[in-house]
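Structure record follows, encoded as structure tokens.
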Amino acid sequence: MTLLRQHLIDPEICIRCNTCEETCPVDAITHNSDNYVVDAEKCNSCLDCISPCPTGSIDNWRVVQKAEAYSIEDQFEWDELPDELELAEEEGDDNQIEASEDEASAILEIAHSGQGGKVLAPLSAAHPYINLYGRERPITATVAGNFRITDADTESDIHHIVLDFDKQTFPVLEGQSIGIIPPGEDSKGRPNLIRLYSVASARDGERAGVNNLSLTVKRVIYDEAGKTVQGVGSNYVCDLNKGDKVQVTGPFGATFLMPNHPEANIIMICTGTGSAPFRAMTEYRRRHMSSAPGELVLYFGARTPGELPYFGPLNKLSGKLIDKQLVFSRLPDVPKEYVQDRMLVQGDKLTQLLKSEHTHIYICGLKNMEKGVESAFDTICGNKGMNWETIKGAMRKTGRYHVETY
Ligand code: FAD
């Protein structure tokens, strides 16, 4: 009987952002209102979808008998992934599997050797609620505020948006995202896809004790190639007026969550709207744990102070609460500096933090930032005789290394 290493998506972690479906070159990924799933008959394991996934939910594999691969209908029903195949039970059972233990072990090894395996939340994170509202049954929020938080004379048009849920239940944690359904249809006449936005406020509201949350949204006016476009979701959100009603789904995200442990050191590295979850985490610490012994360190890059969202309020935060490293790449008469450059300057501090089992790393922002940050950690560790890949592996296994890029 032929074994298959079946590609699956973890429904508990998936944030339904559609990135995988858009990326798959053979149309093996599809979705319904509940889950994103992989068609075993179409998937050729090319792995093109793995790195664009912002959560790692895409990087899941199970060894199954080919004839009994999970169908897409099976996967639509799942709330969680099925257990791994139990090799010990299968050994010698010809009806189940025709492979020696060595062969099967090798297959399982491959199955676990994706780009990182299952992503874990920090051990001390609060329990997140996910997928309470889906596309078929969204929750309606009311816009309580919308204002620009970057200088008017810059191209970077980033807005702070406050959504009010009134008496409805919509529990979120710092690090989670919500979905916004832009009204209308796409160019193929299908309803517009949900757009994901990170929650920028603490779990107890943009204003403590009020049933609201905030978002940090950048108006997309150029695509990745610099061509003029009008991003559907971002323009819709940035143009919302106070009192407008918005269809919201989610919350999403069960791993990119803040540790609640007061000893936890949190290293936050971001550009642009990647700062949203870090604003949320910092505000939670400020409100509820301001004397926690764990350190907060923020590396935040922008072209200029005028393009750095929340520049003014960030500067007002006490240095005792958070070490703010704001770096700029387009200041006149000053050499360009990126977050990874400042990290290199702070190599001693970072290696000290990396030695602690209480240190957590979060990277959030545009996709292209991850490589430079990884390379900086590699250099910093190498300079001190430490091995970054080993440290990162250990951090991932204990839910202390998190990347969300889009
Ligand atoms: P689309 O209409 O989908 O795209 C129009 C064109 O612009 C396309 O060609 C597309 O390739 C290109 N494009 C899309 N995004 C960009 C970009 N950033 N830069 C250059 N070209 C682009 N966005 C935020 O503003 N704030 C957030 O907090 C935030 N959080 C996110 C969290 C997650 C987990 C994910 C997956 C995404 C997040 N995003 C966030 C991105 C957001 O979901 C949308 O992708 C973004 O707003 C663009 O959507 P759009 O509908 O405006 O553009």
Side-chain angles (χ1 to χ4, degrees), residues 15-17 33 129-186 190-221 229-253 272-280 283-284 287 306-307 309-314 406:
I15 52 175
R16 283 91 177 146
C17 65
S33 55
Y129 287 90
I130 52 173
N131 304 328
L132 295 178
Y133 299 89
R135 177 159 199 120
E136 308 307 317
R137 200 179 64 89
I139 184 171
T140 304
T142 307
V143 178
N146 177 358
F147 52 93
R148 184 170 170 148
I149 47 170
T150 44
D151 284 358
D153 60 355
T154 67
E155 251 182 19
S156 180
D157 185 5
I158 302 184
H159 286 235
H160 180 73
I161 290 121
V162 182
L163 298 180
D164 192 286
F165 291 87
D166 194 21
K167 295 186 173 57
Q168 308 166 97
T169 305
F170 194 74
V172 292
L173 289 174
E174 305 78 11
Q176 286 194 293
S177 304
I178 67 164
I180 300 269
I181 309 179
E185 295 174 342
D186 65 17
R190 298 171 303 195
N192 276 324
L193 284 170
I194 292 166
R195 264 56 173 191
L196 273 285
Y197 295 101
S198 306
V199 175
S201 46
R203 66 191 77 176
D204 50 346
E206 167 65 10
R207 188 168 155 202
V210 177
N211 193 20
N212 62 11
L213 59 75
S214 64
L215 306 174
T216 313
V217 179
K218 176 170 182 173
R219 189 189 293 278
V220 170
I221 50 169
V229 291
Q230 210 198 7
V232 172
S234 59
N235 280 276
Y236 164 66
V237 174
C238 288
D239 288 336
L240 285 167
N241 292 310
K242 200 171 167 185
D244 284 350
K245 304 287 181 198
V246 183
Q247 300 303 301
V248 175
T249 64
F252 300 117
T273 55
S275 57
F278 303 146
R279 179 179 186 269
E283 183 57 10
Y284 183 77
R287 278 184 199 167
E307 293 190 26
Y310 307 110
F311 182 70
L314 248 178
Y406 44 83

Side-chain donor or acceptor of [X] paired with backbone N/O of [Y] under 3.5 Å:
X      : Y      : result
Gln176 : Ile130 : no
Asn212 : Val162 : no
Arg137 : Leu132 : yes
Arg195 : Leu193 : yes
Thr150 : Ile158 : yes
Asp186 : Arg190 : yes
Asn211 : Asp166 : yes
Glu174 : Arg203 : yes
Ser234 : Val220 : yes

Identify each donor-acceptor pair in which a side-chain atom of residues 178-185 lies under 3.5 Å from a protein atom, sequence neighbours left out, and give them as a table.
none

Atom pair [atom1]/[atom2] of [X] and [Y] - distance to nearest 0.5 Å:
X      : Y      : atom1 : atom2 : value
Ile149 : Ser275 : CD1   : OG    : 6.5 Å
Asn146 : Asp239 : CG    : CG    : 8.0 Å
Ser156 : Lys218 : OG    : NZ    : 4.0 Å

- Query: Considering only heavy atoms from C-beta outward, does the side chain of Leu196 approach that of Arg16 to under 4.5 Å?
  - Reply: no
- Task: Check whether any side-chain heavy atom of Phe170 sits under 4.5 Å from a side-chain heavy atom of Leu213, and report yes or no.
- Result: yes
- Message: Suppose we screen for ring-ring contact (aromatic ring centres under 6.0 Å, His included). Which residues come up paired with Tyr284, at least two apart in sequence or across chains?
- Response: His288
- For Phe311, what residues pass the ring-ring contact (aromatic ring centres under 6.0 Å, His included) criterion, not counting sequence neighbours? none
- Task: Hey, can you tell me if His160 and Tyr310 have their rings parallel, tilted or perpendicular (30° and 60° cut-offs)?
- Result: perpendicular
Less than 3.5 Å apart, which donor and acceptor atoms pair up between the side chains of residues 242-253 and the rest of the protein, not counting sequence neighbours?
from   : atom 1 : to     : atom 2 : distance (Å)
Asp244 : OD2    : Asn241 : N      : 2.8
Lys245 : NZ     : Thr142 : OG1    : 2.9
Gln247 : NE2    : Thr140 : OG1    : 3.3

- Message: side-chain contact (heavy atoms from CB on, under 4.5 Å) for Thr216 and Ser214? Distances and angles first, verdict last.
- Response: CA-CA 7 Å; Thr216 313; Ser214 64; 5.9 Å; no
- Message: Go through it in stages, so that I can follow the logic: the residues are Arg135 and Ile194, the test is side-chain contact (heavy atoms from CB on, under 4.5 Å), and I'd like the CA-CA distance, side-chain angles, deciding distance and then a yes or no.
- Response: CA-CA 8 Å; Arg135 177 159 199 120; Ile194 292 166; 3.9 Å; yes
[X] to [Y] - nearest heavy-atom pair and separation:
X      : Y      : value
Arg148 : Thr154 : NH2-O, 2.8 Å
Tyr133 : Thr169 : OH-O, 2.9 Å
Ala280 : Ser201 : CB-O, 3.2 Å

- Message: Please evaluate residues Glu206 and Leu163 with respect to the criterion side-chain contact (heavy atoms from CB on, under 4.5 Å), reporting the C-alpha separation (whole Å), side-chain torsions for both, the decisive distance (0.1 Å), and the verdict.
- Response: CA-CA 9 Å; Glu206 167 65 10; Leu163 298 180; over 6 Å; no
- Do Tyr197 and Thr273 have a side chain donor and acceptor closer than 3.5 Å? no
- Message: Tell me every residue that passes side chain to side chain donor-acceptor pair (under 3.5 Å) with Ser198, counting only those two or more places apart in sequence or in another chain.
- Response: none
- Step through the shown structure and confirm whether more than 12 heavy atoms of other residues, nucleotides or ligands are within 6.0 Å of CZ on Arg287. yes
- salt bridge (charged side-chain N to carboxylate O under 4.0 Å, His left out) involving Asp164 - partner list, sequence neighbours excluded: none
